[in-house]
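Quick note on labels: first sequence line is chain A, next is B, and so on, each numbered from 1. Everything quoted here is computed from the prediction, not taken from an experiment.
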Amino acid sequence: MLQRIVVVGGGVAGCLAAVNLKQKLPDLAVELLDVPVEEPAALHTVPHFHQYLHEQLSVPLGPFLELVGPIWNLGTRYHWGPRPFFDITFFKQVDTQFAVLPRVAGFYLAGLPDWSEAGLASAMMSRGRVFARGNDGRPQINGPDFGYQLDAARLRTFLLGFAQQHGVAVRQAELIRAVPGAEGIERLELKGQPPLSADLYVDATEQAARLDIGGSRVRYEELLCDRAVMGIVPRAMAGDLAAHVTLGCGEAGWTWRIEHESFATCGYAYSARFTSDDAAGAELCRCFPGIEQVRPGPWSQGRLEKPWCGNVVAVGGAAGWIDPLYPLHSFIVAWGCEALAQSLVDCDRVPRPTLLGQYNKRHRRLMETARDFNGLMNRFNTRLDTPFWQEARRRSRIGELDILLRQYQEIGPSTLYGNTMLYEQDPIGLEGYFGALLGMQVAHQSPVPLTEAEQATWAQLRGMFARKAAGALSVSEALSLFRPQPASIA
Amino acid sequence: MNPIDVLPDRINRVLVLGGGSAGFLAAITLKKRLPGLEVRVLRSKELGIIGVGEGTTSSVPFHLFRFLKLDLAEFYAVAQPLWKLGIRFEWGPRPYFHYVFGLELDVRYKGMTKGVGHYLDDGPFEHTGMASALMSGNKAFYRRGDGTPHLDAERMALHIENEQFVAWLEGVAARMDIQVQDDTVVEVLQDARGVSGLRLASGPTLTADLFIDCSGFHAVLLDKALKEPYRGFRKALFCDRAVVGGWNRTSEPIKPYTTAESMQHGWCWAIEHETRINRGYVYSSPFVSDSDAEMEFRTKNPRVERTRIVKFNSGCFGRNWVGNVVGIGNAAGFVEPLEATALATICIQAEALAETLLDTGCRPTPALIELFNRRGQLGWDSVRDFLAVHYKFNTRFDTPYWRHCQDKTDLGAAQEIVDYYRENGPSGLWRVPLYEGGNYLAWGMEGYFAMLVGMKVPYQRTYAPTAAELDLWQRIQQQYAREAQNAFSVREALDLIRSPQWKWPADLYANPQTVGLRRSA
């Protein structure tokens, strides 16, 4: 029976893993070795992530909002494909049925010239709003409708404190190396400290993967980006706060922008085959005027064959990394930590091979999901015709999404066979896949053309989206709402 | 841009070959969802119908009353079904165990740290849950405080006599403007698209845009004409015959469940109808002669009247939709009725066909046909694999047949589920990846736990329940037993629903079942 776990790496993934384990298995000795870790400066998340934090881990909302300062995330606005932009949002705009229209919403999006009012979320994104008001004038704040945009440093600091409060022993250390043994790792050699050993080791050292003692890796060769450069843009230069992430295309890669209250984190993932580091840096600065603190970051796309092997479990970037075109990374980190804790509870702390096998199978499935989505996004991104993009399109692979693409091309964004095309609990869903295809104007047949009546109703609906969005809370207003107010004098 | 090179002609006219439950269910489903379609049924006396007493799963009534919105009261009046809460298996070392509709083992009660499957002793599943307690007392429905029966559609399946079921379906079809013609097919004409016409004994040739092959084991169109390859399930399922017979009920209480009794070279079902009990001994002919099988059958069922033998070849056609022919029912595939899957499979395929025609504007396209077939194959494989688990671990009798099952049964995708269980026991934690790509008939982990725990298949992990947990579990079971005592017997329930003031609750099938064709938004 496992008695002692050491989590190596004091970044976000390490803190989450340690807290999750200690909370669910209070009798377990959980130690977090705060080895410095190079992780992405910002995290954009799916709704599941904040539900994981606040419901699974009981992270209190008030202190979290104050100390971490998250900005809400309605979805991603992609400057991608032939349209000026399109959105994939958590609030369903594609895979949903309006009572007043006979078809699933996606059928009405194909012909839209402009995505700005494709749905309520898009209409709010276009206006820097975040929470619409109900009929009673009160803002509607529904957990499943938004994720977070997070400053990783602030998140990590908060989680470290939270972990300590919950009984995780945290200590600073410098890892020299992990010594292999019969079951995986035998001990950790630390600088200036005696070696450390445990029953289970969690590798949360991100792309450095310090506890990787030779696990086989799958490389995602068709995903060409292998470098990244990033920085921050002060709010004054970055414009109004937006409750969404923005993705764009560069000459040899793609750019991102994640919002925080007083600055935006911006970056460019690119391929060293198609541009130089200097040129990429210059392109980043052109793309994001006013960008500061520019620095490079690691970017190696692929995954471990077996994140959980013997007495070592890799979570977060150490288990795998892929262009976060869809914010699945946060989902996979949360899943990895939660599933590990649940597994140990379920097996009474005696993990057997089939348990590890299912954990690894699920991890593989989630990574392949991200990979297939990226393949779809690259295949149909006709925005630029540089050598990088030609190659990215040519080499794109879409794996299991092939049949979904074919059904879409033949009859449009129908939900038919959804349960055959997608596996249970696919985190991207038809909303994401059809959203991408419609967003990039991939052609589809439609057995029955839209009637004039449908067009008219759809136009009215868009008008309603616009009106509701205009009356919605802006991000700043929403932030004030959640700030503790000074006591008022009655 | 990926244009479809040749758009299929629009389907306006459908011809269903076969007038049994498959034929009429297919016809009614299509006509209901696509009222503009011309749907005709060609019924041939030569083909006949299989005609044994049928059990269903809980999904069949959902198809009839939620999807098709047929009249529930009329169904009860004409088809005269009884209720089936689950299957009682006289298999393995326990006196019996149950696999019920709803959850009994894959459930964790507050105050217990694991699922129920971890707390069972060696005895029968007497009061393991609501359904088991009812089944053990020969009761149909719990009695609520106000005296009305507690009806839960997700936990209710049916026993229906095939003849009465088909008679009801015929009535429904007639009112829906579905033409029924009685004749014999003497020749199947073919062209590049598949079948071009059916020449009848009476002279004319019937044509259609789409042909539904519901001709049962004959598979006149899919097999005899189109020669679609058949995938036998010989590596998993070794039974190939059944000797079938029944008798009129006298004093036996009506059981609210199907019984599956282990036999020396197979197993024997018992299906309860109001005035009749139907039994069938499913056996493997390499291991027992027809006469010996009949002797064992009659010895254990002395009241059986005349019997008949049904031969079958379990398996399915590689594709159920080929060209302009769609096979539904026994013409698509067959397994023994160990889990009463036949009618459920028909409903699933009929629904998928109707929805496919709807969403393609009656011009089915290649990816859609491929998805129809893919879903169909996954369904067949999932049934085959689940049944294989039944046979592999049944240690009730030690005969060459059963030893063959233990040694040779190929579990297919279920091997992964069994391997996981062998180490970890009845834990549902990893159900999602374990089920990946399968489970279209929604056995759930409940089904696998019922069979594996029911047959006491050993596993490595030992969990020792605390005294407090065992005490709690005892009290829970006693509660179920108490409530069952006061419940409606089948006879009482029948009297109630036949009384003039009875009204079926309008919302009985209001909520969708969990696993469906579309990924819901």
Would you say the side chain of A/Leu416 lies within less than 4.5 Å of the side chain of B/Leu371, judging by non-hydrogen atoms?
no
Counting only non-hydrogen atoms closer than 4.5 Å, does B/Glu370 touch chain A with its backbone (N, CA, C, O), its side chain (CB onward), both, or neither?
side chain
Give, for atom CD of A/Gln425 and atom CZ of B/Arg431, the distance between the pair rounded to the nearest 0.5 Å.
9.5 Å
What part of A/Tyr359 lies closer than 4.5 angstrom to a heavy atom of chain B: side chain, backbone, both or neither?
both
Quick one: does A/Thr354's side chain get under 4.5 Å of B/Tyr421's, heavy atoms only?
no
Is the shortest heavy-atom distance from the side chain of B/Glu416 to the side chain of A/Gln358 under 4.5 Å?
yes
Count the heavy atoms of every other residue, nucleotide or ligand shown that sit under 6.0 Å from CD of A/Glu183, and state whether that count exceeds 12.
no
Flag side-chain contact, heavy atom, 4.5 Å: A/Thr420 against B/Phe372
no
Is A/Arg352 in contact with chain B via its backbone, its side chain, both, or neither, using a 4.5 Å heavy-atom distance?
both
More than 12 heavy atoms of other residues, nucleotides or ligands under 6.0 Å from NZ of A/Lys306: yes or no?
no
May I ask you to name which of A/Val442, A/Val448, A/Asp348 has the most heavy-atom pairs under 4.5 Å with chain B?
A/Asp348
For chain A, which candidate among B/Thr113, B/Thr360, B/Leu368 shows the most heavy-atom pairs at distances under 4.5 Å?
B/Leu368
Answer with side chain, backbone, both or neither: which region of A/Val345 has an atom nearer than 4.5 Å to a non-hydrogen atom of chain B?
backbone
Ranking A/Arg362, A/Arg103, A/Glu431, A/Lys361 by heavy-atom pairs under 4.5 Å to chain B gives rank one to A/Lys361
Only pairs of heavy atoms separated by less than 4.5 Å count here; which of A/Ser414, A/Gly412, A/Pro351 has the most with chain B?
A/Ser414
As an exercise, state the distance from CG of B/Asp359 to CD of A/Glu410, rounded to the nearest 0.5 Å.
12.5 Å
At a heavy-atom separation under 4.5 Å, does B/Leu434 approach chain A through its side chain, its backbone, both, or neither?
both
I'd like to check the side chain to side chain donor-acceptor pair (under 3.5 Å) partners of B/Glu446; sequence neighbours left out, ordered by chain and number.
none
Looking only at non-hydrogen atoms, find the nearest pair between A/Ser343 and B/Trp430 and report the distance.
OG-CZ2, 3.3 Å
Looking at A/Ile403 and B/Arg374, what are the two nearest heavy atoms and their distance?
CG2-NH1, 3.7 Å
I'd like to know whether CD of A/Glu338 has more than 12 heavy-atom contacts from other residues, nucleotides or ligands below 6.0 angstrom.
yes
Listed partners of B/Ser427 passing side-chain contact (heavy atoms from CB on, under 4.5 Å), at least two apart
A/Asp346, B/Tyr420, B/Leu429
